[in-house]
Structure formats: C-alpha cells, structure tokens
Amino acid sequence: MNCIYFLLSLAGLSLEGTYRRAEEHDIPALLALIKEQAIHDSDKIVILPEPFREKSLRDAIKKRRLFVAEFNNTLVGYKKLFLIEDEQEKDDILRNELRCLDAQPDLAGHLSGKQFTPQAITHIKDLYDVCIYNGADFTAPSHRKQKINTRLTTVALALIKNDIKRSMQEKKAHRITMVYGLTHQNAGNEPCQYPDRTIGISRRFRKFIDSLGVVANKPFLHMRYPAFMPTFDPTATELKPRPDSESVAGFGCVLSYNLSTQA
C-alpha cells in the first residue's frame with residue numbers, strides 16, 4: 001500500500017482513485033477539465049481568462065501547490081493548497097484577495113464542532129506566521145458526493161506536513177492558521193449552518209493538527225471578512241478582475257488554532 005492510500009485509509013476514506021501532486025504532463029487534461037466543465041462553476045470558483053490558464057497551472061505545478069484526483073486515468077478534480085512562506089505574497093493574499101488585513105470581520109468567535117460562539121476578537125500576535133492557503137477546488141459533476149475534495153485535502157496536507165513542521169519550529173509558532181475564500185453560496189448567512197463549508201474544512205484541519213502531535217481539543221478561532229471572488233471575462237486578453245460590483249460576493253475566512261498548552 002503506497003503512502004497516499006495509507007494516509008487515506010488512516011482517515012477512514014475509500015481507497016478509490018489516485019490522489020497526488022499535479023505534474024506537468026497533467027496540464028492538457030487540466031486545461032480541458034477547466035474549459036469543458038469547471039467554467040460552468042465560474043460563480044463558485046475562480047476561472048482565469050483562457051490565455052492565462054496554462055501559465056497559471058504551470059506555475060502552480062512548479063511550486064508544488066496543485067493536487068489532482070484521477071479515476072481510471074482521467075482527471076476528475078483538482079485543488080490548490082500550500083504553506084504561504086513569502087511575506088509579500090502572504091500580504092497580497094490576505095490583504096487583496098481575502099481582505100482580512102486592516103479590516104473588521106463580518107463575524108468573529110470560536111468554532112467547536114458544529115457550534116459557533118460569537119466573540120469580539122482583538123489583534124492576535126503571530127496569527128499568520130504559519131499560514132496555509134486552501135482553495136481552487138473543483139470536482140467534475142460526475143464524481144461529486146464521493147468525498148473527492150476531502151481526500152485531496154487530506155493528501156495535500158500530508159504532503160506539505162514536513163514544511164509546516166519546519167516552519168512551526170523555526171518560528172516557534174504559537175498558532176497555525178488556514179485561510180480560504182468562500183462565496184456567499186458556499187458560506188450561507190450564519191456560521192455552522194448549511195451550506196457553510198467551514199464545518200467540513202475545520203474537521204479536516206483538526207485531524208491534520210492531531211497528526212502533528214498536537215491534541216487538537218480546543219476551539220478554533222474563526223473569522224469571516226467580506227470579500228469578492230475574483231471574476232474574469234473568460235475571453236479577456238488582460239489579467240484584470242472585474243470590479244466588485246460585477247463579481248461574486250463572499251468571504252475571506254480564517255481558521256486558527258492555538259498551539260500553546262494553555263487554553
């Protein structure tokens with residue numbers, strides 16, 4: 001049993017399909033998946049203009065940030081997940097994409113299981129020192145409701161685990177944080193209520209924190225900031241998102257776990 005299947009088995013997930021880092025030879029299949037299927041979900045996921053897709057995929061693969069699900073030698077899903085280490089890139093993602101820097105959250109509080117407790121949150125030191133970006137999810141309609149994204153997330157986190165442990169040690173981290181964007185359609189009006197995807201995301205993140213040797217028995221700090229999913233004209237010749245008034249409303253989301261032994 002290879003390491004990917006072993007990790008999924010430990011997580012109690014089916015062993016169907018192959019879940020791995022994307023490679024350069026996957027680019028044609030990924031481009032076809034985006035053009036033929038993912039583009040129909042452009043109200044939920046970011047779809048770049050066609051002239052820019054190949055370069056974006058190539059860059060993500062080179063940086064080892066893209067993961068794919070494969071069934072019967074056919075790619076049926078992908079996701080991007082990585083540890084944000086470059087400080088300039090981190091600032092750009094947090095400030096301009098997720099809009100969670102120098103801003104007031106739409107909500108803030110503590111998330112435990114399926115319960116959210118609102119609470120005013122002030123500035124927290126080291127909140128983004130060890131910061132994981134989770135996003136760009138797509139699964140082909142023919143393979144949905146089979147936990148494919150759950151498996152991709154499990155494998156992706158396992159494959160960057162050593163980088164995360166190294167970063168935690170170097171920074172003597174007090175917190176580990178995951179950031180991600182949700183459209184309003186995937187977040188809903190209230191946290192922990194359908195269709196809020198944060199519940200599933202938090203379960204997978206908690207299991208990963210357990211795998212680091214941390215007993216993840218404390219609530220997450222959860223914050224949600226008003227944001228807009230970058231939206232593009234699919235035929236544009238310039239990589240410039242549409243203004244907020246023509247984009248999909250949503251939230252920049254933050255899940256952070258306190259690694260210290262104190263509550």
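Note that the coordinates shown come from a computational prediction; the quantities given were computed from them, not determined experimentally.
- Between the R64 side chain and the I160 main chain, no donor and acceptor come within less than 3.5 Å of each other.
- Here the side chains of D196 and N189 are not in contact, with every heavy-atom distance at 4.5 Å or above.
- Stacking of R224 on the aromatic ring of F251 is recorded, both the 6.0 Å distance cut-off and the 45° axial limit being met.
- F71 is not connected to L33 by any chain of hydrophobic side-chain contacts under 4.5 Å among Ile, Leu, Val, Met, Phe, Trp and Tyr, and they are in different clusters.
- Contact annotation: the side chain of Q193 never approaches that of F116 to less than 4.5 Å [non-hydrogen atoms, C-beta and beyond].
- In this structure, L48 CG and S42 OG are separated by 12.0 Å, a value rounded to the nearest 0.5 Å.
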> Given D59 and R65, is the side-chain contact (heavy atoms from CB on, under 4.5 Å) satisfied, shown in steps?
Replying inline: CA-CA 9 Å; D59 288 347; R65 296 177 170 185; over 6 Å; no
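- Every pair passing side-chain hydrogen bond (donor to acceptor under 3.5 Å, both in side chains) that includes a residue from residues 32-41 is listed here, sequence neighbours excluded: K35-E50, D41-R144.
- D86 contributes atom CG, which lies 8.0 Å from atom NZ of K63 (distance to the nearest 0.5 angstrom).
- Going from atom CZ of R53 over to atom CG of L57 covers 9.5 Å, rounded to the nearest 0.5 Å.
- Under the 4.5 Å side-chain heavy-atom criterion for grouping Ile, Leu, Val, Met, Phe, Trp and Tyr, I201 is not connected to V254 through any hydrophobic cluster.
- Between the side chain of K161 and the backbone N or O of A156, no donor-acceptor pair lies under 3.5 Å.
- Inter-residue side-chain proximity for T150 and T153 is flagged as unmet; no heavy-atom pair is nearer than 4.5 Å.
- The hydrophobic clustering, which links ILVMFWY residues whose side-chain heavy atoms are closer than 4.5 Å, places L259 and L157 together.
- Counting heavy atoms from C-beta on, the side chains of L66 and R21 never come closer than 4.5 Å.
- At a threshold of 4.5 Å between non-hydrogen side-chain atoms, the residues K114 and I199 count as touching.
- Defined by atom type and a distance below 3.5 Å, a donor-acceptor pair is present between the side-chain atoms of T198 and Y180.
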Side-chain donor-acceptor contacts of residues 125-140 below 3.5 Å, not counting sequence neighbours, with atom names and distances?
| residue | atom | partner | partner atom | Å |
| --- | --- | --- | --- | --- |
| D126 | OD2 | H174 | ND1 | 3.4 |
| Y133 | OH | E97 | OE2 | 2.7 |
| N134 | OD1 | K79 | NZ | 2.8 |
| D137 | OD1 | K79 | NZ | 2.6 |
| D137 | OD2 | R197 | NH2 | 3.3 |

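- Under the 4.5 Å side-chain heavy-atom criterion for Ile, Leu, Val, Met, Phe, Trp and Tyr, M178 and M168 are members of the same hydrophobic cluster.
- Environment of CG in N217: crowded, with over 12 heavy atoms of neighbouring residues, nucleotides or ligands closer than 6.0 Å.
- Under a 4.5 Å side-chain heavy-atom criterion applied to ILVMFWY residues, the cluster that includes Y194 comprises that residue alone.
- With respect to D163 and R166, a salt bridge is recorded, a charged nitrogen being found less than 4.0 Å from a carboxylate O.
- Counting heavy atoms from C-beta outward, P105 and I121 have side chains that stay 4.5 Å or more apart.
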>> Before you tell me yes or no, could you show the steps for F82 and E89 under side-chain contact (heavy atoms from CB on, under 4.5 Å), namely the whole-Å CA-CA distance, both residues' side-chain angles and the distance that decides it to 0.1 Å?
In response: CA-CA 12 Å; F82 62 96; E89 180 182 29; 4.1 Å; yes
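- Under the 3.5 Å distance criterion, the side-chain polar atoms of S167 are left unmatched by any main-chain donor or acceptor of I164.
- Formation of a donor-acceptor pair under 3.5 Å by the T231 side chain with backbone atoms of M229 is found in this model.
- No side-chain heavy atom of L221 sits less than 4.5 Å from a side-chain heavy atom of Q119.
- Rounding to the nearest 0.5 angstrom, the gap separating the CD1 atom in I61 from the OG atom in S56 is 9.5 Å.
- In this structure, R206 CZ and S112 OG are separated by 6.0 Å, a value rounded to the nearest 0.5 Å.
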> Given the rule in the side-chain contact (heavy atoms from CB on, under 4.5 Å) test, do E54 and I27 qualify, once you have shown the distances and angles that lead to the verdict?
Replying inline: CA-CA 7 Å; E54 182 173 347; I27 290 176; 4.0 Å; yes
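- Residues L111 and C192 share a closest heavy-atom pair of CD1-SG, 2.9 Å.
- Under the 6.0 Å cut-off for aromatic ring centres, H110 and F220 do not qualify, their centroids lying 6.0 Å or more apart.
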>> Could you go through L30 and L75, starting from their C-alpha distance and side-chain angles, then the distance that decides it, and tell me whether this counts as side-chain contact (heavy atoms from CB on, under 4.5 Å)?
In response: CA-CA 7 Å; L30 283 164; L75 295 189; 3.9 Å; yes
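- No donor-acceptor contact under 3.5 angstrom links the side chains of R204 and T154, judged on distance only.
- Proximity of a side-chain donor or acceptor of N72 to a complementary backbone N or O of T74 within less than 3.5 Å is not detected.
- By the neighbour-count criterion of 12 heavy atoms within 6.0 Å, atom CD of Q104 is sparsely surrounded, having that number or fewer from other residues, nucleotides or ligands.
- Residues Y225 and R99 have side chains that never bring a donor and an acceptor to within less than 3.5 angstrom of each other.
- Cluster membership for I45 and V248, using ILVMFWY side-chain heavy atoms within less than 4.5 angstrom, is not shared.
- One distance of note links CD1 of I148 with CD of E70; it measures 11.5 Å at 0.5 Å rounding.
- A heavy-atom distance below 4.5 Å is found between the side chains of L98 and I93.
- Smallest separation of non-hydrogen atoms from P230 and V46: O-CG2, 3.6 Å.
- At most 12 heavy atoms of other shown residues, nucleotides or ligands fall within 6.0 angstrom of atom CD in Q88.
- Smallest separation of non-hydrogen atoms from Y257 and V214: CE2-CG1, 4.0 Å.
- The two residues A216 and D210 make their nearest non-hydrogen contact at N-OD1, 2.9 Å.
- Shortest non-hydrogen contact noted between T177 and F205 is C-CZ, 4.1 Å.
- In this structure, P195 and G188 approach most closely via the heavy-atom pair CD-CA, 3.7 Å.
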